[in-house]
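Input: a single structure, listed below in structure tokens.
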Amino acid sequence: MNVLGLVNYWAFIFLMMVGFYILISQGNLIKKIVGLSVFQTSVFILYISMGKIRGGTAPILMEGDPVYSNPLPHVLILTAIVVGVATTALGLSLVVRIHEAYGTVEEDEIHDLDVAEAE
Amino acid sequence: MVWDVLSWIFILGGLFFIVVGGVGVLRFPDVYTRLHAAGMTDTMGAGLVLIGLSFQSGLSFESGGWLITVRLLMIWAFLLFTSPIATHALARAALHGKVEPIRGDVEGGDS
Amino acid sequence: MEDNVILRIGAKILIPFILLFALYVQFHGDYGPGGGFQAGVIFAAAFILYALIFGVDTAKRVLPLRFVWFCGALGVWIFAGVGVVTLVLGGEFLNYNVLRHDPEHGQELGILLVELGVFTTVFGVMVAIFYMFAARRQVR
Amino acid sequence: MFAVAAVGVGIGMTLVMIRALLGPTLYDRVLALNIFGTKTVLLIAVLGFLAGRPEFLDLALVYALINFIGTIAVLKYFEVGDLGKASEIGGGRS
Amino acid sequence: MLAVTALALLKLRNLFAVAMLAGIYSLLSAGLFTALDAVDVAFTEAAVGAGISTILVLGTLALVGHEQKKSTRSSVIPLLVVLVTGSILVYGTFDMPPYGDPGNPAHHHVAPHYLEESAHEIGIPNVVTSVLASYRGYDTMGETTVIFTAMVGVLLLMGGVRKRATSEMASGPASGPSDQELDGEPHQQPDGEEDPDGG
Amino acid sequence: MTVHLPVLQVVIPLLAAPLCALVRHGRIAWGIALATSWASFWIAVQLLRRVQAEGPISYALGGWAAPIGIEYRIDLVNAFVLIIVTAIGAVVIPYALKSVEQEIDAAKIPLFYAAFILCLTGLLGITVTGDVFNVFVFLEVSSLSAYALIGLGQDRRALTAAYQYLILGSIGATFIVIGIGMMYVMTGTLNMMDLSVLLAELGPNRTIAVAFGFLTVGISLKLALFPLHSWLPNAYTYAPSAVTAFIASTATKVAVYMLLRFFFTVFGWAFSFDVMQLDLVLLPLALIAIFSMSLVAIFQTNVKRMLAYSSVAQIGYIILGISMASVTGLTAGILHLFNHAMIKGALFMVLGCVMYRVGSVEIEAMRGLAKKMPWTMAAFVAGGFSLIGLPFTVGFISKWYLILGALERDGWQWWLVVGLVLTTSLMAVVYIWRVVEAAYFQDAPDEVGEPIREAPLAMLIPTWTLILANFYFGIDATFTSEVAGSAARALMGIAP
Amino acid sequence: MARIVGLWFILFAVWLLLSGHWDSALLVGFGLGSCTLTVYIASRMDVADHEGVPIYWIGRFLLYLPWLLKEILVANINVAKVILSPKLPISPIMVVFRSTQKSDLGRVLYANSITLTPGTITTGVEGDQLEIHALTRKDVDGREEDEMDRRVSIVEGAS
Amino acid sequence: MSPEVIAAVAVGLPLVSAFAILALGKWPNVRDAVGIGTAGVLFTLVLRLVGPIKDGLRPEYPILEVLPGVSLGLKVEPLGLLFALVASFLWIVTALYAVGYMRGHHEKNQTRFFAFFAIAISAAMGVAFSANLFTLFAFYEMITLCTFPLVTHHGTPEAKKAGRVYLGILLTTSIGFQLLAIIWTWQLAGTLDFREGGILAGTASNGVLSVLLILFVFGAGKAAVMPFHRWLPAAMVAPTPVSALLHAVAVVKVGVFTILKVSVYVFGLDLLGTLASATWLAWVAATTIILGSLVAFTKDNLKARLAYSTISQLSYIVLGALLANEWGIIGGGMHIAMHAFGKITLFFAAGAVLVAAHEKDISRMGGLGRTMPITFGAFFIGSLSIIGLPPAGGAWSKWFLGMGTLEAGQIGLLVVLMVSSLLSLVYLLEVPVRAFFSAPPEDAHRGEGIHEAPRLMLIAMTVTALATLGLFLNPGPFYELMRLVVN
């Protein structure tokens, strides 16, 4: 009965899953990182949409008596975005180092190289 | 009221340029020609919309509305300033990347 | 890229405004959107623009790596330091009320300081990370 | 009425989006990103009015700014394949 | 539109295009954040997603080249994982309060305190800032630490610093950084990536 | 100042980390790290004593009372985990001095200690907090530093290991965020105590069930529960020695703590086990983990990797204890948290010593090592005894409680559990013995260059400290078992 | 020095315009500090030179601006016509102009003005040579460009 | 010294001396003197406990509480005392013998050898005086581990392989079955203390307790009940004093002692008698007795033959315990002592042959009796004891065991005992007979080089052989101790 109210969530879930799919299916290390950030961004959207109140406005106090959207998810997501960029930066620096060490950023090739070295 | 009407004329005009710019980006055959269409959006499209909005700001916000107008104009100024630089940069990049511009009369786009 | 006059002059004109705008965002976080983090990123973006156009080495002469590195650490100290000061003044950690006689002013001061801490760290970190990426050569 | 404006900007965005997806060259995508940025600026400005919150304009300004820097970074990337080098633009790669 | 972008990201094999589309994705989501009243978040996403992240990805691409090779791996299992995860999530939404509903319990427990009391407890209009810096200031300190950690990590991984500082003094502006900046370890292999210039 | 101990526990290392990052000499950074870790340990001891004396401690950060602000809440469970983490930190850092100077570029050593301390900070932060989102933030602090630290290993595979860990860890963290979001949307709070009350009022709810699932999967990724463990062996194998010793004995433990916290405090015992039937999932996974990973460990030639697989198996023991959903089982789980930290910390430190002198931890390279490094190898044997679970070692205590817990339950599957625990102990004998045989009964390979000597005292003393702790807490386990027992009762909601 | 001071005042004006909180001594104080900091960094970066802060041009530039805007409008309408005409009558062409400006700054202003008017894009500046890409041949027939060149040179003035 | 302290010292003293031995490694004479001296002191100490025990004292020495309710502690009771007496006395002898053997054989790593030897005795004392199952288990494992280096003393691939089998079986059974049984007992009874009359009665159904008994019996892998006997022959690669220690004193006796102690003090004879599995296990033991004897027949290697003989003999004791009546227990307990003395003599002799004549195979021992009369004489006496013929001590224990089977109404088991004795008669007496009456093998180059083994070894051998005879004449002390156990 409240399906209409949930469609939004489903859309965001779909986005999340696309990001997640990129993350786990791709063999390219950079693309994985991009997938990760898409995944995370979509989760953030989901969060923010949970905090939205119909007819609400941004939680910056002003005159009058408007309805404000829930500020708490915003705060959480701000933190999460920062965490996300930190992860991205670290991940990319690892990718650069991996490229220097292996000459490739494809997971399969790296695997082959490791196997070759082990033998 | 006059301001209101005027602002809407501006905004609609801006929208017109934005949409046409978009169409241009789709229709033009190569990246250089598309840059021209892109320029439209940046200059006129954005400009007219922002000016239109700035007329509104005096109406929507009683106190300090003009500050908002100023801010809108600043955005526009910023866009006007950066747009040619970005366009130029892109064109250079494309040239540098050995993308040959199409020359001569061309019929239709390749979209 | 500084040989490109258009970019060079464009950047020269823009950068002060970007910096100023970053500081504006920093100090008006209380009233509008924005705050230490966003300001830090914008501030760093100005330097990144500078480094893009004039080269990382030039940028490093203006803003040595060691300095941005220090900024990254300094911000954490500022933030946690505020907390420690509140401890010393008898409040809980990060309870800004005790910073001034009047809780509201205390909060204001506290928020200002911690935002400054966030700003410093973010700015330092972003520039440092950019330096790291930009100053590396591709291995051939 | 602001909603109309927002929709208009949205249509423009969609058109550009198609270009971004079609390509065909990388530069087309960069171009699309660039226009996209501008349009986001406009969209946010309009949304600000729609919500009656002028604070949104700061946001728009940030977008314009970041977008610009992003484009410059892209150029730099193409130009020298490296973000750090102080390059010479006309002379090609050394 | 977000969905289209995301799907395109999946298909594209040119990493540069991926970077561009990721930027667009970020811009779009920032627009969405604005529409959802999360101005501060949109602000951050704009600065981070479209700005810093894109630049970092570009920086990486500049170092590693931008063509993705064709992968031979099977995509059935990831697809299955994703489908299962997605359906579980969708299942989980069935008891969730509808979108935008003011009656949502989340809006009635802690958040009202922030909205109603912060004006006199903190005294600044931006509630997000007051929550961020005061009510949940400790989280923000953690966040600051996280980025600091990222810096430490990147510095650790990407460079040795002391030697770099000395080479900084030595090398002039025009010569560019000397190649012998400390890179942690010697470069091991030549690599066959093509020219990073696009075409 | 003692009132502020909970927050100082986290803030002192947090303040020290930037300092480490800035100094220019590795030794100074090391000194700072050392002082920090010992201070942390001291605080943790004080906290545990206070909790034992006065019951749970609550600390409102920023002066904002619980659901409004962030709360630090320390009860027996996390006081105990704090002890584990800080103790390992306090032992590993003295040990790290030599090993790090050899394995890491001199210029990077200050940063290394900064990252190390940050990792400690993050782990402590996760442990003390009473706020679910704060958990996530500090989780990231610890994870990011861990990724960087692991990536510092000398082998290039360290990089891929770190990358893999980063991807899986981030997936885990994101899942945790999703779970937290769903809980938030249903209750409007992020405080654990508050959540537990509100969730109980809410009753069965599909959203909460899904949140529960996501949290479980996310945390399981972090704690390398089979089959989500694929990041762990490589990460442990290729990380620098000191890092392996530290992370192996703390990071997964703290993840387990998170699991306990969420299962028992936030969701409540009844929900986790009666409604969600968690034991039905965890038990088989734990059993498979214990068995298959012990089996895999037997066939490893790299001793670090062998122990890494063994770690996955040991985590299986902990999860097994939890999945018994009884006081004894939970006691076993919590005890094994502590005990395994002691065991693996010690063993990985031994391997660090070997690495330091020999430059390799392949079994081949360890042939005849007992003659050249008698103390080191003796430590390995002693740690191995503990891993096997011989009497007078902590490993025995864990096994005791685990088997007791399984015997208390009815049903054929619990006999399987008992059998498996015993069988895998014997498998531990096999893989430990492979090393012992090589070290004691095989001739050393021909040496080139300098002869191999005993590891430096600076490394041996910390190693032996942990080994002796293994024996001390194996011989006199009343302290640990009582703390673990009361912690378990507290988690189960039974008055002690 | 004059440039530095000039930059400072410009920045402060911008600050006040952005801020809008003129009554708060604190914020104005921050403004003063921020401007000073910015100016310091700018001078350290060496961007506050004659190219970065062309304060002597401002007056003449403001006079030039309305004309430029008019040009932009006209050009926009032209390009819009092209885009909307079904046949898409374009004939892209690259030409090289020689500009008459004396300074780099002047040339940049000229080049950017050209780019701003849709239909023409400056793709390169080498010395006083401007390389231009035009959408249609008639966009570069020379008349408007000459006019623009002249006006920009006026803006450049004698500085 | 009070009895409590004596018990503690008895456990601690060898341990201390082990460290002393390690420290004195550079001075072999001092080192060996310390070892032998400690052994002597230990025996006198243990001897001093006999009086108090006979007076009905049961001194306890709690050490510490490991877990709530699970503690480490010592308690002296008759059965343990018996074992301690045997072990401590034989340690003196073995120590003497070992010194001679090791020196005569020029073995490497002697210090390590003697140190672990001492630790093994310490652990054996610990098992003997253990107050509860946990303590017993702990010392039991300690023996396993500290005898491992003794088994693999030579470090050859063969020795390592044997070491693996040794460790594998002993740890498998102890961790796999015994530990489980102990924890289960704790879960059922809530205590692990050894109490007279047992602690398990009434705690669970007979079926459960039957299973528990099986776990205990097989868990004592050192008792070498088939199918867990493989370690024993494998361990024969060790130096002979080790074999003597393993087979006569420490290891195997610890196994059977555990079974006895569990039967008496954990199950209690009354309960044990009602368990179905007791009978069943008794037949397993019987099978082991017969099979062990049969296999012994086929072995030409002397030590291997002795090993299988041991397997067979150990099951006598297990059988005695499982008969669950007084005579069975008394017989079993006494057989610990009797077999210990007998078997150690045999091993001493075997070692002496090895040292003096470098011969391992029985078929090549023809004629050696003439050059080594003392050795083979001792061997003969030891064999008599094992077979159970007068005038050797083994006769008594076999007699009591036979009584036990009769009392239990298990005539079949009595037959088994008889058959086994006959078998052992043949396979053991073959050796001295061959040595004294056969001609030497043709390819043997027996010159003048062969004479009796070093004197220390001879002394040891003689002492044990005489003791065996003495025990026939006066089995009283052991009998009285065992009487105390069953009453």
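Proteins get letters first, then strands, A, B, ... in listed order; numbering begins at 1 in each. Side-chain atoms are counted along with the backbone in the values below, which use heavy atoms only and exclude waters and symmetry mates.
- Rounding to the nearest 0.5 Å gives a distance of 8.5 Å between CG of L78(A) and OG1 of T129(E).
- Contacts of I13(A) with chain E are made by side-chain atoms alone, with heavy-atom separations under 4.5 Å and no backbone atom involved.
- Closest approach of V18(E) and K31(A) over heavy atoms only: CG2-CE, 4.0 Å.
- For the atom pair Q40(A) CD and S29(E) OG, the distance stands at 12.0 Å (nearest 0.5 Å).
- Of the listed residues G35(A), S49(A), G19(A), P73(A), the one with more heavy-atom pairs under 4.5 angstrom with chain E than any other is S49(A).
- For the residue pair V96(A) and V64(E), the shortest heavy atom distance occurs at CA-CG1, 4.3 Å.
- Looking at every heavy atom in both residues, L157(E) comes nearest to S93(A) through CD1-OG, 3.6 Å.
- With no hydrogens or angles considered, no side-chain donor-acceptor pair links D40(E) and H74(A) at under 3.5 Å.
- I30(A) has its side chain within reach of T60(E): a pair of non-hydrogen atoms, C-beta onward, lies under 4.5 Å apart.
- Here the straight-line distance linking atom OG1 of T41(A) with atom CG of L28(E) works out to 11.5 Å at 0.5 Å rounding.
- Among T44(E), V90(E), V48(E), the residue with the largest count of heavy-atom pairs under 4.5 Å with chain A is V90(E).
- Neither the backbone nor the side chain of S37(A) comes within less than 4.5 Å of any heavy atom in chain E.
- Neither the backbone nor the side chain of T140(E) comes within less than 4.5 Å of any heavy atom of chain A.
- When each of V34(A), L23(A), T88(A) is scored by its heavy-atom pairs under 4.5 Å with chain E, the top score falls to V34(A).
- Contact of I52(E) with chain A is made through the side chain alone, with heavy-atom distances under 4.5 Å.
- Residues L115(E) and P59(A) approach most closely at CD2-CB, 4.2 Å, considering heavy atoms.
- Other residues, nucleotides and ligands contribute only 12 or fewer heavy atoms inside 6.0 Å of the NE2 atom of H111(A).
- For chain A, the option among G86(E), P78(E), S53(E) with the highest count of heavy-atom pairs below 4.5 Å is P78(E).
- Both the backbone and the side chain of V57(E) come within contact range of chain A, with heavy atoms under 4.5 Å apart.
- Remark: M158(E) CE to L92(A) CG distance equals 9.0 Å, nearest 0.5 Å.
- Within the 4.5 Å cutoff, the side chain of S26(E) has no heavy atoms near those of the V38(A) side chain.
- Once rounded to the nearest 0.5 Å, the distance linking CG of N8(A) with CG of L36(E) reads 8.0 Å.
- With a threshold of 4.5 angstrom between heavy atoms, S130(E) does not approach chain A through any atom at all.
- The two residues R54(A) and Y99(E) come nearest to each other via the heavy atoms NH2-O, 3.2 Å.
- Side chains of L72(A) and Y135(E) form no contact here, defined as non-hydrogen atoms less than 4.5 Å apart.
- Residues A119(E) and L61(A) come closest through the heavy atom pair CB-CD1, 3.9 Å.
- Atom NE2 of H107(E) is separated from atom OH of Y68(A) by 15.5 Å, given to the nearest 0.5 angstrom.
- Residues S42(A) and Y25(E) have side chains that bring a donor and an acceptor to within less than 3.5 angstrom of each other.
- Among F44(A), Y9(A), F14(A), the residue with the largest count of heavy-atom pairs under 4.5 Å with chain E is Y9(A).
- Considering only heavy atoms from C-beta on, F12(A) comes within 4.5 Å of L32(E) through its side chain.
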Review point. S25(A) and I77(E): side chain to side chain contact (heavy atoms under 4.5 Å, CB included), yes or no, with the steps?
Key: CA-CA 8 Å; S25(A) 71; I77(E) 295 171; over 6 Å; no
Point to revise | side chain to side chain contact (heavy atoms under 4.5 Å, CB included) evaluation trace for V83(A) with E143(E) | key: CA-CA 7 Å; V83(A) 169; E143(E) 169 201 313; 5.6 Å; no
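- Counting only heavy atoms from C-beta outward, the side chains of L89(E) and M16(A) approach each other to under 4.5 Å.
- Using a 4.5 Å cut-off between heavy atoms, L76(A) contacts chain E through its side chain alone, with no backbone atom that close.
- In this structure, chain E has heavy atoms under 4.5 Å from both the backbone and the side chain of Y21(A).
- When each of V85(A), V82(A), I33(A) is checked for heavy-atom pairs under 4.5 Å with chain E, V82(A) comes out on top.
- Looking at A35(E), only its backbone comes within 4.5 Å of chain A, counting heavy atoms on both sides.
- Using a 4.5 Å cut-off between heavy atoms, L79(E) touches chain A through backbone and side chain atoms alike.
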